[in-house]
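Structure record follows, encoded as structure tokens.
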Amino acid sequence: MIDADIRAALCAALRHAQQKGALPAFDLPADVPVEHPRDAALGDYATPVCMQLARLARMAPIKIAQAVVEHLQLPAAIDEATVAAPGFINFRLAQRWLQGQVNAILEAGDTLGTLTLGTGQRVQVEYVSANPTGPLHMGSARNAVLGDALASVLQVAGYTVQREYYVNDAGARMRMFYATAYARYAQALGRTEFEVPEDGYHGAYMVAIGEQLAAEHGARFLELGEEAGSQAVGELALNQVLAEARNDLAAMGVSYDRWFSERTLYQQGQYDAIMSLLRQGGHLDLHDGAVWFNATAFGGSKDEVIVRSDGTPGYFASDIAYHYNKFVERGFDRVIDVWGADHQGHVARMHSMMQALGLDPARLTVLLYQLVTLKRGGEIVRLSKRTGDIITLREVVDEVGADAMRYFMLSRSADSQMEFDLDLAVAQSDENPVFDIQYAHARICSILRHGEIVSDEQADLSLLTHPAELTLIRRMVRLPEIIQLAAEQLAPHHLAYYAYDLAADLHAFYRDCRVVSSNPEDLPQSTARLRLVRACQVVLKRVLDIMGMSAPEVM
RNA sequence: GCCCCGGUAGCUCAGAUGGAUAGAGCAACUGCCUUCUAAGCAGUGGGUCCCGGGUUCGAAUCCUGGCCGGGGCGCCA
């Protein structure tokens, strides 16, 4: 990548300058910063390193910069390095190189921006993993989009990625869900003496599931008795909820490689395995009738209950077994769990647990995102699955559309709390920047339709000299850098801003540069521009793909 | 009380390893469609980067003390 080439060239130049005595001897930094100047007129890349070295070199920054530039061997993509006060070195991309990138992009095609950052590494991204006790609510939308886009980014960055949904189908909550399903099923058959437990799930969706199961299966589960009947009905209800979750996520373009059942951890011995491991390691204490994990030994603020005094394992027990399974049994090099900020307190204990199991805690990254506040009619909407007062993910997706939803969720960093105004989301959908981006793609398609009589294979790209053309290419060649940034920071929102900037550059080009022309004299230029537009389409399509958004050909 | 995340234009938010005159969308105002899509483009106005102190040649960015908002500190998940 260009910035890496510049870094390398700068390091070499510093060494040369010292060897030739142009700079005094001092310890050189292992790496130097390269950034983009605020003002594009200054250049495409810049380094402030000379200012940082001024103290060590006991020289004025600008003198250092001059010495460095004199000993600098420019990378192929750069044709000019200039010194600017108070000590910047600015680099300009060569026009010839930029023009050549049009072909490079077209050749790369679907593989454009593919990096080697994660080559040879298997990473798992686990996201959403909402309790399967009802429809997904809006709170999961951010998780879904973040996790899905992140997984895509990592894939492009070279990692082998697995997308996973953890199904919490074990434990007390599940039993309550089963009891609720059974009661609703019985009620649908006229057996009103069955009641939903107080701590059960009172939402209307459970009534619907009960009615559906009654209609499909009649009274035969009643005949099994409450114990077995509840088991059978609950199982069917669970499958129903999971199927709907799958559909709802698919409606946003979110899918998984694997749905992992919590239950199997107990059925297949992983829970027993980690318990004996922890016991052997001396990480367990027994008091107050419960089994505790000695988290304070690893810097935790308190110990954690693993097995309750009634003998049932808590959810932390499952989490330990689950992550043991991820790292040890399935051998992922790295795992990224996407969690809402309300789970922030669990991060430290997970890392303690990693240490207790003898695993490097750095292999587990928990990506926390701040919770979304929903507003409707100017008021904050509270979400609760128990009371049934929920806004489902599905109804919002249906209202605002998958692309707008994804763009909205992706255009904010995970750390920012966001307000989602349901009224505004619908009302503003026409004003949403997402359409500017997609419009750019549709516009490109339109130009290409008009120009399809011309073959641009032999285009003379040296004719691409208009500032709008070069600005557009400059943007296009930055995609790999953006992908790297997003992958390293686990921050897919950079893609959203890049896509918008790219679209804006395309629109400006469109205004300034006529592509298709009926005048035969324009043919060479028209051909070059067609090729540029096709390359731009590749870039735009690529970034939309990674974000999981559609690239419409007509709007 | 302790811990985590925020506070940047009227609103919603970007500002990667500290760097040059702090940006975008929306909202407001002014222009631009005989020719490839005006869901667009060009321009104007709009800022004590929450407040104080500190580190630095240089701070929206780092440290520290406050203030405000969100979240956490269960034998719930």
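Residue numbers begin at 1 in each chain, while the letters A, B, ... track the order of the sequences.
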Subject >> Main-chain N/O of A:R475 paired to A:Y498 side chain as donor or acceptor, under 3.5 Å >> reply: yes

Original post:
Is there a side-chain hydrogen bond (donor to acceptor under 3.5 Å, both in side chains) between A:E164 and A:Y322 once you walk through the steps?
Top reply: CA-CA 12 Å; A:E164 183 152 306; A:Y322 183 35; 2.6 Å; yes

Original post:
Should A:Y315 be listed as having a side-chain N or O under 4.0 Å from OP1 or OP2 of B:rA77?
Top reply: no

**OP:** Test A:D415 against A:S413 for side-chain hydrogen bond (donor to acceptor under 3.5 Å, both in side chains), laying out the working first.
**Re:** CA-CA 5 Å; A:D415 278 340; A:S413 81; 5.4 Å; no

**OP:** Rounded to whole angstrom, note down the P distance from B:rA28 over to B:rG72.
**Re:** 38 Å

**OP:** Give none if B:rG6 has no partner; otherwise give the nucleotide forming a Watson-Crick or G-U wobble pair with it, both distances under 3.5 Å.
**Re:** B:rC68

**OP:** Flag the pair A:F316 / A:H346 as yes when their ring centroid distance falls below 6.0 Å, and as no otherwise.
**Re:** no

Subject >> Partner of A:V372 by side chain to side chain contact (heavy atoms under 4.5 Å, CB included), out of A:R412, A:E419, A:R142 >> reply: A:R142

Subject >> Watson-Crick or G-U wobble mate for B:rU30, both contacts under 3.5 Å >> reply: B:rA42

**OP:** For B:rA59 and B:rA22, measure between their P atoms and round to the nearest Å.
**Re:** 13 Å

**OP:** May I ask which nucleotide in the shown strands pairs with B:rA60, Watson-Crick or G-U wobble, both distances under 3.5 Å?
**Re:** none

Original post:
Considering only B:rA20, B:rC41, B:rG74, which nucleotide approaches the side chain of A:P37 most closely?
Top reply: B:rA20

**OP:** Write down the partner of B:rA24 under the Watson-Crick or G-U wobble criteria, each distance required to be under 3.5 Å.
**Re:** B:rU12

Original post:
In chain order, what residues pass the side-chain contact (heavy atoms from CB on, under 4.5 Å) check against A:A491, with sequence neighbours excluded?
Top reply: A:Q489, A:H493, A:H494

Original post:
Between A:N90 and A:A46, what is the shortest heavy-atom contact and its length?
Top reply: OD1-CB, 3.2 Å

**OP:** Would you please confirm or rule out a distance under 4.0 Å between OP1 or OP2 of B:rA38 and any side-chain N or O of A:R443?
**Re:** yes

Subject >> C1' spacing across the pair B:rG45 / B:rC26, given as an integer number of angstrom >> reply: 16 Å

Subject >> Partner nucleotide of B:rG1 by Watson-Crick or wobble geometry (both distances under 3.5 Å) >> reply: B:rC73

Original post:
Ion pair present between A:D505 and A:R478, side-chain N to carboxylate O less than 4.0 angstrom?
Top reply: no

Original post:
Nearest to the side chain of A:Q344 - B:rC36, B:rC41, B:rG72?
Top reply: B:rG72

Original post:
Considering only the C1' atoms, how many Å lie between B:rU61 and B:rG6, rounded to the nearest integer?
Top reply: 14 Å

Subject >> P gap between B:rA60 and B:rU55, integer Å >> reply: 16 Å

Original post:
Taking atom P in both B:rC5 and B:rC62, what distance in whole Å separates the two?
Top reply: 11 Å

Subject >> Separation of the C1' atoms in B:rU48 and B:rC67, to the nearest angstrom >> reply: 16 Å

Listed pairs, N/O of protein and of nucleotides 9-14 of chain B, under 3.5 Å:
unit_1	atom_1	unit_2	atom_2	d
B:rU12	O2'	A:R412	NH2	2.2
B:rC13	OP1	A:Q417	O	3.0
B:rC13	OP1	A:E419	N	3.0
B:rC13	O2'	A:Y497	OH	2.7
B:rA14	OP1	A:S413	N	2.5
B:rA14	OP1	A:S413	OG	3.0
B:rA14	OP1	A:S416	OG	3.1
B:rA14	O4'	A:Y497	OH	3.3
B:rA14	O3'	A:H493	NE2	3.2

Original post:
Who pairs with A:E553 by salt bridge (Lys or Arg N to Asp or Glu O under 4.0 Å), at least two apart in sequence or on another chain?
Top reply: none

Subject >> Strand contacts (RNA chain B) in residues 346-353 of chain A, 4.0 angstrom heavy-atom criterion >> reply: A:H346

**OP:** List for me each residue that meets side-chain contact (heavy atoms from CB on, under 4.5 Å) alongside A:S140, sequence neighbours excluded, and say none if there are none.
**Re:** A:V128, A:A130, A:L136, A:L393

**OP:** Can you tell me, in whole Å, how much space there is between the P of B:rG25 and that of B:rG71?
**Re:** 32 Å

Original post:
Is the distance from OP1 or OP2 of B:rG40 to the nearest side-chain N or O of A:R511 less than 4.0 Å?
Top reply: no

**OP:** May I ask you to check whether A:F509 and A:H466 place their ring centers less than 6.0 Å from one another?
**Re:** no

Polar atom pairs between nucleotides 26-28 of chain B and protein, under 3.5 Å, N or O only, would you list them?
unit_1	atom_1	unit_2	atom_2	d
B:rC26	O2'	A:Q428	NE2	3.2

Original post:
Is the NZ or CZ atom of A:R173 positioned over A:F177's six-membered ring, under 6.0 angstrom from the centre and within 45° of the axis?
Top reply: no

